[in-house]
Amino acid sequence: MRLKQANEVDLGQTSVGRLLFVLAVPAITSQVVNALYNMVDRMYIGHIPGEGAAALTGVGICFPIIMIVSAFAYLMGMGGAPRASIFMGKQDNITAEKILGNCFSALLMTAAVLTAVVLMFKEPLLLLFGASENTIDYAQQYITIYALGTVFVQATLGLNAFISAQGFAKISMMTVVIGAVTNIVLDPIFIFGLHMGVRGAATATVISQAISALWAYRFLRGKKTVLRLKREYLKPEKSILLPCVALGIAPFVMMSTESLLTLCFNTSLLKYGGDIAVGSMTILSSVMQFSMLPMQGLTQGGQPIISYSFGAKNMTRLKQAVKLQTVSCFVYAAIIWLLAELVPSVFAGIFTDDPQLVEFTTWALRIYMATSLLMGLQISCQQSFIAFGNAKISAFLAIFRKIIVLIPLIFLLPVFFMDKVFAVFLAEPVADAIAVAATVTLFLREMRRMLRDDPEN
């Protein structure tokens with residue numbers, strides 16, 4: 001039985017090139033727009049008269065906590081959605097719907113726990129992530145309000161992954177666009193119009209996420225979706241939920257370790273360069289986030305094709321999808337790398353008008369993104385492992401780059417360089433080069449194994 005999507009594409013029959021375009025363009029749009037949630041906040045906050053630089057640094061310190069909240073949504077959403085696509089490829093939609101229901105329940109329970117933990121331990125957490133006496137007040141203002149909207153973040157990110165997994169790329173895009181546009185409109189109203197400052201930015205974000213969550217929930221309960229969110233499948237079952245958690249470990253590690261990375265970077269930079277180095281890192285992480293998210297959108301568009309083809313044991317379509325996805329990611333990464341090296345001051349100027357911070361960030365960005373053109377290969381290969389349902393390798397790769405390679409380099413490289421701040425920033429491109437080499441090697445080996453086991457070869 002063919003599985004027709006609302007956008008008139010067929011995951012098993014439509015040409016791979018057209019299918020990737022149809023699914024990836026809205027997914028990329030979603031990822032870019034999603035980046036605006038934090039980036040727009042930072043752009044407005046950075047231009048608050050008289051306190052923009054300190055407020056920007058304070059909100060940047062909240063970023064690790066925000067990433068942890070998002071990571072738990074990815075644990076269930078990005079862990080469950082590929083498995084749902086695989087079962088759809090096997091024409092087993094009942095199991096796919098059970099996965100959706102179980103993951104939704106897990107998202108709600110996780111949101112309740114996270115909200116309580118963040119509100120109880122916000123001050124020690126913020127101090128741990130690099131807050132100083134000049135920035136702690138701004139950080140607390142933002143994270144207190146943001147934490148109250150945790151359930152909306154969990155629902156939006158988690159449920160939207162299941163919308164994308166079915167091939168409803170335009171609906172998935174609208175989930176993000178509706179919230180982001182709302183955020184863009186509300187930010188200046190709350191920040192400047194109502195004179196709420198940092199609190200206003202957080203309030204606008206929470207309201208926007210709530211609207212996005214409602215949109216995603218209503219769609220998955222409606223008649224147009226292929227997989228429906230049904231009450232009878234909400235009760236968690238170990239046999240359904242645990243494999244999703246296992247597969248979600250990789251995206252969870254990728255997101256959650258951003259917090260640990262920020263802690264390590266901020267600790268070292270505060271020691272060697274002070275608040276201006278930490279403020280620069282806030283901008284660098286935003287630029288890197290912008291450069292990575294469109295590639296994640298590409299792989300998000302490719303995931304249903306790869307997972308469906310894997311479940312249907314159609315290796316020809318699987319190879320075509322992986323190849324096209326990888327080439328597209330690499331080309332995009334190369335373009336962003338070129339811009340970052342040639343005009344870094346343009347990126348810095350988006351976030352702040354402080355001359356000293358712009359000058360410092362311009363210098364740092366060239367170092368930080370020196371090998372970022374290779375990240376297209378890293379992201380495509382790593383996300384393909386997730387699309388295959390290969391939990392072990394995808395989890396290892398996520399841990400390898402950040403935990404095994406990057407974090408030690410942050411503390412080791414300053415030992416060998418006179419310019420300690422330069423050495424801290426240098427850790428990123430060195431780790432990227434090592435991680436890409438390891439990931440591509442493992443991926444080629446896995447593809448050869450899959451082709452060898454394919455009865456048609």
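- Side-chain contact between M369 and I336 is present, with at least one heavy-atom pair separated by less than 4.5 Å.
- Between L373 and A334, the closest heavy-atom pair is CB-CA, 3.9 Å.
- Minimum heavy-atom separation, S384 to V322: OG-CG2, 4.2 Å.
- Between C103 and M76 the shortest heavy-atom distance is SG-O, 3.6 Å.
- Between F388 and F385, the ring planes are perpendicular. Angles over 60° get that label, and only those under 30° would be called parallel.
- A donor-acceptor contact shorter than 3.5 Å is absent between the side chain of R401 and the backbone of A435.
- Taking the side chain as every heavy atom from C-beta outward, T205 and I145 never approach each other to under 4.5 Å.
- In summary, of the residues considered (V346, L339, L338), a side chain to side chain contact (heavy atoms under 4.5 Å, CB included) with L342 occurs for L338 alone.
- Q325 and S380 form a side-chain donor-acceptor contact under 3.5 Å, judged by distance and modelled atom types alone.
- Y142 places none of its side-chain heavy atoms less than 4.5 Å from the side chain of T203.
- The closest donor-acceptor contact from the side chain of T182 to the backbone of S208 lies at 3.5 Å or more, if one exists at all.
- The backbone N or O of P304 sits nowhere less than 3.5 Å from a side-chain atom of S85 that would complete a donor-acceptor pair.
- With contacts defined as side-chain heavy-atom distances shorter than 4.5 Å, the pair I386/M78 does not qualify.
- Between E428 and V424 the shortest side-chain heavy-atom distance does not fall below 4.5 Å.
- Counting non-hydrogen atoms of neighbouring residues, nucleotides and ligands closer than 6.0 angstrom, the CE atom of M109 exceeds 12 such neighbours.
- The closest side-chain heavy-atom distance from L108 to Q154 is not below 4.5 Å.
- Other residues, nucleotides and ligands place no more than 12 heavy atoms under 6.0 Å from the CZ atom of R199.
- A distance-only check finds a donor-acceptor pair linking the side chain of T150 to the backbone of A147 [under 3.5 Å].
- A donor-acceptor pair under 3.5 Å is absent between the side-chain atoms of S172 and the main chain of F168, judged by distance alone.
- Between A201 and N183, the shortest heavy-atom distance links the atoms O-OD1, 4.5 Å.
- Within 6.0 Å of atom CD in E359, 12 or fewer heavy atoms from other residues, nucleotides or ligands are found, so the atom counts as exposed in its surroundings.
- Inter-residue side-chain proximity for L284 and M281 is flagged as met; some heavy-atom pair is nearer than 4.5 Å.
- For the pair Y332 and P294, the tightest heavy-atom approach, listed with the atom from each and the gap, is OH-CG, 3.1 Å.
- Checked options I143, I65, I68; the residue passing with L125 is I65 (criterion: side chain to side chain contact (heavy atoms under 4.5 Å, CB included)).
- Inter-residue side-chain proximity for W337 and L374 is flagged as unmet; no heavy-atom pair is nearer than 4.5 Å.
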